[in-house]
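Working notes, beginning with the structure itself.
Both counts, for ligands and for their atoms, begin at 1 and track the order of listing. The figures that follow rest on heavy atoms only: side chains count, while hydrogens, waters and symmetry mates do not.
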Amino acid sequence: MLGLGVWQMAAGAETEQAVEWALESGYRHIDTASMYRNERSVGSAIGRSGLPREQLFVTTKLLPPRPSAAKELEKSLERLRLEYVDLYLIHWPLPLWAARAWRQMESLRQRGLARAIGVSNVGLNGLETLIQTSAHPPAVNQVQFSPFHYRRRLLDYCLRREIVFEAYSPLERGRGLTHPTIAALAERIGRTPAQVMLRWAIQHKTVVIPKSSHKERIRSNAQVFDFELADADMAVLDALDRTNGTARARG
Ligand SMILES: NC(=O)c1ccc[n+]([C@@H]2O[C@H](COP(=O)([O-])OP(=O)(O)OC[C@H]3O[C@@H](n4cnc5c(N)ncnc54)[C@H](OP(=O)(O)O)[C@@H]3O)[C@@H](O)[C@H]2O)c1
């Protein structure tokens, strides 16, 4: 339900430290991508943690439009020093390429190199097409989601289809934290603005993957399972949406 996102973390010390702090704080889910160029650092921190593999949930992503998903995943696994990933996502679909890539992803799942496969940045129409043209629906759709990007129609569709909805940029890349409505609510209930935004997304039944490179923030961002936002507060946050409840994955 909660993972550490590592986009825009420099490979080496920054990523290794952040992953180490996250694992110490109880995170077991790390969200990386070949595009982030820090899979090796994620792998080192995981290796050093000594945690049993089965306790971890590691996601990486296929960069479009690579011709061979198998070759790309094998390279990611080598960098991560893992025998399988828990989730492999198509980072974003490209027309013409995505249908073939998805078939390759399905075979990677059958080979056990990815426990689950999914997509990212796919709207309702794209999901419908994928479901109609493939043997298995995606397990996950990872999309930007926050009170300012409350994609209600896309979320409802995914929940109805039992496609896990992962909320990326759940803190609006840090920009949502100073919004007066969020800051005032956080102050009133004695929580941080980040905890309020993450809790909002969790109460909408999404998986959240906030990024931070700071120890204290990594720790406090995970403290979101010991309180609940009241319905009235959820409604106030819902009303910050700037997408008009879109079913699209972008914009
Ligand atoms: N699939 C995709 O296309 C896609 C696209 C974007 C993101 N993602 C994934 O989603 C993850 C999260 O999204 P994101 O990195 O875009 O943005 P985010 O998690 O919404 O926000 C990260 C920003 O918030 C700051 N921050 C975090 N916790 C804070 C706190 N408690 N107090 C104050 N500031 C705080 C971070 O700064 P510090 O680091 O300095 O603390 C950073 O600048 C990514 O890392 C990546 O794994 C996926």
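- Residues passing the side chain to side chain donor-acceptor pair (under 3.5 Å) test with Thr246: none are found, sequence neighbours excluded.
- The environment of CG in Asp226 is crowded: more than 12 heavy-atom neighbours from other residues, nucleotides or ligands sit within 6.0 Å.
- The pair Arg40-Glu78 meets the salt-bridge criterion, with a side-chain N (NZ, NE, NH1 or NH2) lying under 4.0 Å from an Asp/Glu carboxylate O.
- A 4.5 Å side-chain heavy-atom check between Trp92 and Leu94 finds at least one atom pair inside the cut-off.
- Between the side chains of Asp86 and His29, not a single donor N or O lies within less than 3.5 Å of an accepting N or O.
- Within 6.0 Å of atom CD in Glu128, more than 12 heavy atoms from other residues, nucleotides or ligands are found, so the atom counts as buried in its surroundings.
- Contacts of ligand 1 (protein heavy-atom distance under 4.0 Å) are Gly5, Val6, Trp7, Asp31, Tyr36, Lys61, His91, Ser120, Asn121, Gln142, Tyr168, Ser169, Pro170, Leu171, Glu172, Arg173, Gly174, Leu177, Ala194, Ile209, Pro210, Lys211, Ser212, Ser213, His214, Arg217, Asn221.
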